[in-house]
Amino acid sequence: MTAPTAPAGLGGRRLPSLLTSDGRSAAAGWALRRPVVFLVLWYAVTRVLVLLAMWVAATWFQTPAGVGHLHPSVGDILESWDSVWYRRIATGGYPVPLPADPETGLLTYSAWAFYPAFPMLVRVLMWTGLPFELAAVALNLVLGAACTVLVWKCFNFALHAAPQPARERLALVAGLLWCLYPATAILVMPYTEALAGALIALSLLLLMRRSYALVAVVAIALGFTRAAAPAIACAAIAHLVLRWREDRAAGTRPLSGQRTSAVAMLAATAASSLAWPVVVGLASGLPMAFFDVQAAWGQKPESGPFVLWLAWAWDAHGVVGVAVLVGLVATYIALILGRHGRWLAIELRVWALAYPLYLLAVVRPITSMWRFLLLDFPIAALVASVAMRTSTGASVVPHWRRRVGLVALALLAGQLWFTCTLLTYVPWAATPP
């Protein structure tokens, strides 16, 4: 009996069977037939690895002075850093009036620097009697799994396209690698990244599906979760411009039947960018209160976009430091715009450009950039494409599994480094995750 004929791939080339022929294993075929189940199982395995890394960090890297007792545990790692602030919000709300320095009168550190959506969801779960830590970790485990599936769906999305097995394989590998990003330990901790990632991926997926009214709803929710709406707005504008051109080229009325919802979407993304700062201003009676609190935490964008990063690179290594920084940014942009980013939808590529550039423009050089970039999930798609040496998934190197395996091992090593170095707290000698 002859092997079944493989489906045609991109560019008319024949693709290998998804099952056992041409070197494909039955396990790989099962993963591609049930990708959601496989991704959730993979996410669960990687969370076990994250908790194991936390145990290593607590046992050998966390000093007792950082936690206040002689036997640091995984629980101490989970409850560290910004988790303390989210606990305060979930259990006691936001302080009014805003705390200020008694000597200078300037606003100082307070919970108002943190967005409310995640701690308020945790508070709802706490109504069941769960303590904060258990409620927050359980919520993030669920949100992280949902985020993983949504990220994969974004990678795998193709409007009005027939099934593309090769692209599906590439998208699945990208989703698996995203779960191994060094900072994914944050997805377990009481932090907002899991919720923000799920909302960002959902908004981009809805945008690609042209569900503009739903994008508007998700964008408003994102405005109370994380400062990422400006980059979503860029993706929405790029999407509408491209669709306008496509509709005109097809001889149809541009955005037929969806103009109102498209305008509502743009208005919602704009409002989302300012929603929480406006709420903080109204609650405190100080219009610039949110930005003043952010300044107390060290965020002072008045120096100008990108200036702080360039100055940091110059102070550290002079011309070489600036050249390396610019080179890294230029390489990343070239990958997104080049062949390794071409298989992604335009909305994802614009997000992948706008979001990190937005961070470089408004965030000072801090180690927290590692976790901020977790939300730039198209990075995983680029890594998968480079590792498999493909731009569509239709033709990959014969030893692509070995290459992807080496990348996965490198990411696991990075995960251990992030957990042991940045999640542990040593008084006067620690940097935040």
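These figures come from a predicted structure and were not determined experimentally.
- L202 contributes atom CG, which lies 11.0 Å from atom CG of L207 (distance to the nearest 0.5 angstrom).
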For residues 117-127, run the donor-acceptor check on the side chains, cut-off 3.5 Å, and write out each pair with its distance to 0.1 Å, sequence neighbours left out.
unit_1: R123; atom_1: NE; unit_2: A90; atom_2: O; d: 2.8
unit_1: R123; atom_1: NH2; unit_2: I89; atom_2: O; d: 3.2
unit_1: R123; atom_1: NH2; unit_2: A90; atom_2: O; d: 3.4

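- Remark: the backbone N or O of P99 is not paired with any side-chain donor or acceptor of T108 at under 3.5 angstrom.
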task = Test V36 against W152 for side-chain contact (heavy atoms from CB on, under 4.5 Å), laying out the working first.
result = CA-CA 9 Å; V36 172; W152 164 76; 3.9 Å; yes
Can you check side-chain contact (heavy atoms from CB on, under 4.5 Å) on L143 and N140, steps first, answer last? CA-CA 5 Å; L143 288 172; N140 270 353; 3.9 Å; yes
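- Among residues at least two apart or in separate chains, salt bridge (Lys or Arg N to Asp or Glu O under 4.0 Å) pairs with a member in residues 179-198 are E193-R226, E193-R371.
- Listed for the T184 side chain is a donor-acceptor partner under 3.5 Å among the backbone atoms of C179.
- R403 places no side-chain N or O within 3.5 Å of a backbone atom of M388 that could act as its donor or acceptor partner.
- For the atom pair C154 SG and L204 CG, the distance stands at 5.5 Å (nearest 0.5 Å).
- In terms of heavy-atom proximity, L310 sits nearest to V322 at O-CG2, 3.9 Å.
- Between C147 and A194, the shortest heavy-atom contact is CB-O, 4.2 Å.
- For Y425, the ring-ring contact (aromatic ring centres under 6.0 Å, His included) partners are W81, not counting sequence neighbours.
- Between S83 and L78 the shortest side-chain heavy-atom distance does not fall below 4.5 Å.
- For the pair L172/F38, a side-chain contact is recorded, criterion being any heavy-atom separation below 4.5 Å from C-beta on.
- Sequence neighbours left out, not one pair with a member in residues 330-351 passes salt bridge (Lys or Arg N to Asp or Glu O under 4.0 Å).
- Partners of W85 by ring-ring contact (aromatic ring centres under 6.0 Å, His included), not counting sequence neighbours, listed by chain and number: F114, W297.
- For the pair W309 (side chain) and V363 (backbone), a donor-acceptor distance under 3.5 Å is present.
- Applying the ring-ring contact (aromatic ring centres under 6.0 Å, His included) criterion to W112, with sequence neighbours excluded, gives Y94, W276.
- Inter-residue side-chain proximity for Y358 and P305 is flagged as unmet; no heavy-atom pair is nearer than 4.5 Å.
- In this structure, G175 and L39 approach most closely via the heavy-atom pair C-CD2, 4.3 Å.
- Pairs engaging residues 184-227 under the ring-ring contact (aromatic ring centres under 6.0 Å, His included) rule: Y212-H239 [sequence neighbours left out].
- Listed by first and then second residue, the side-chain hydrogen bond (donor to acceptor under 3.5 Å, both in side chains) pairs that reach into residues 313-334 are Y332-D376, sequence neighbours excluded.
- Note on residues 58-79: pairs passing ring-ring contact (aromatic ring centres under 6.0 Å, His included), not counting sequence neighbours, are W55-W60.
- Between the side chain of S385 and the main chain of L382, no donor-acceptor pair closer than 3.5 Å is present.
- Listed by first and then second residue, the side-chain hydrogen bond (donor to acceptor under 3.5 Å, both in side chains) pairs involving residues 254-269 are R243-Q258 (not counting sequence neighbours).
- Of all heavy-atom pairs between S391 and W343, the closest is O-CB, 3.2 Å.
- Listed by chain and number, the residues in a side-chain contact (heavy atoms from CB on, under 4.5 Å) with I346 are L242, V350 (sequence neighbours excluded).
- Heavy atoms only, all atoms of each residue included: V218 and L199 are closest at CG1-O, 3.4 Å.
- Put simply, the side chain of T424 never gets that close to the backbone of Q62: no donor and acceptor are under 3.5 Å apart.
- Note: L187 CG to R47 CZ = 5.5 Å, rounded to the nearest 0.5 Å.
- For S203 (side chain) and I200 (main-chain N/O), a donor-acceptor pair under 3.5 Å exists by modelled atom type.
- Looking at P427 and T63, their side chains come closer than 4.5 Å, going by heavy atoms from C-beta outward.
- Taking each heavy atom of A196 and L222 in turn, the nearest pair found is O-CD1, 4.3 Å.
- Separation of atoms OG1 (T392) and CZ (R167) is listed at 9.5 Å; rounding is to 0.5 Å.
- Within the model, atoms CG of L98 and OG of S284 stand 5.0 Å from one another, a figure rounded to the nearest 0.5 Å.
- Looking at heavy atoms from C-beta onward, R401 lies out of side-chain contact with V404 at the 4.5 angstrom threshold.
- Not one N or O on the side chain of H340 forms a donor-acceptor pair closer than 3.5 Å with the backbone of V383.
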- Query: Checking side-chain contact (heavy atoms from CB on, under 4.5 Å) for the pair D292/L286: CA distance, chi angles, key distance, verdict?
  - Reply: CA-CA 9 Å; D292 291 340; L286 303 171; 5.6 Å; no
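- In this structure the side chain of W370 never reaches within 4.5 angstrom of the side chain of I186, judged on heavy atoms.
- Residues passing the ring-ring contact (aromatic ring centres under 6.0 Å, His included) test with Y355, sequence neighbours excluded: W351.
- In this structure the side chain of I333 reaches within 4.5 angstrom of the side chain of L353, judged on heavy atoms.
- Side-chain contact between E79 and M189 is absent, with no heavy-atom pair separated by less than 4.5 Å.
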Notebook entry, point to check: Which is it for R210 and E246 under the salt bridge (charged side-chain N to carboxylate O under 4.0 Å, His left out) test, yes or no, and what are the steps along the way?
Noted result: CA-CA 14 Å; R210 301 180 176 180; E246 289 176 347; 3.7 Å; yes
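- At distances below 3.5 Å, at least one donor-acceptor pair connects side-chain atoms of W42 with backbone N or O atoms of L176.
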For a side-chain contact (heavy atoms from CB on, under 4.5 Å) check, start with the C-alpha distance between F155 and L348, then their side-chain angles and the critical distance, and finish with the verdict. CA-CA 8 Å; F155 292 155; L348 297 182; 4.2 Å; yes
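- Rounding to the nearest 0.5 Å places CG of L359 at 9.5 Å from CD1 of I366.
- Counting only distance, with no hydrogens or angles, the side chain of T419 and the backbone of A53 share no donor-acceptor pair below 3.5 Å.
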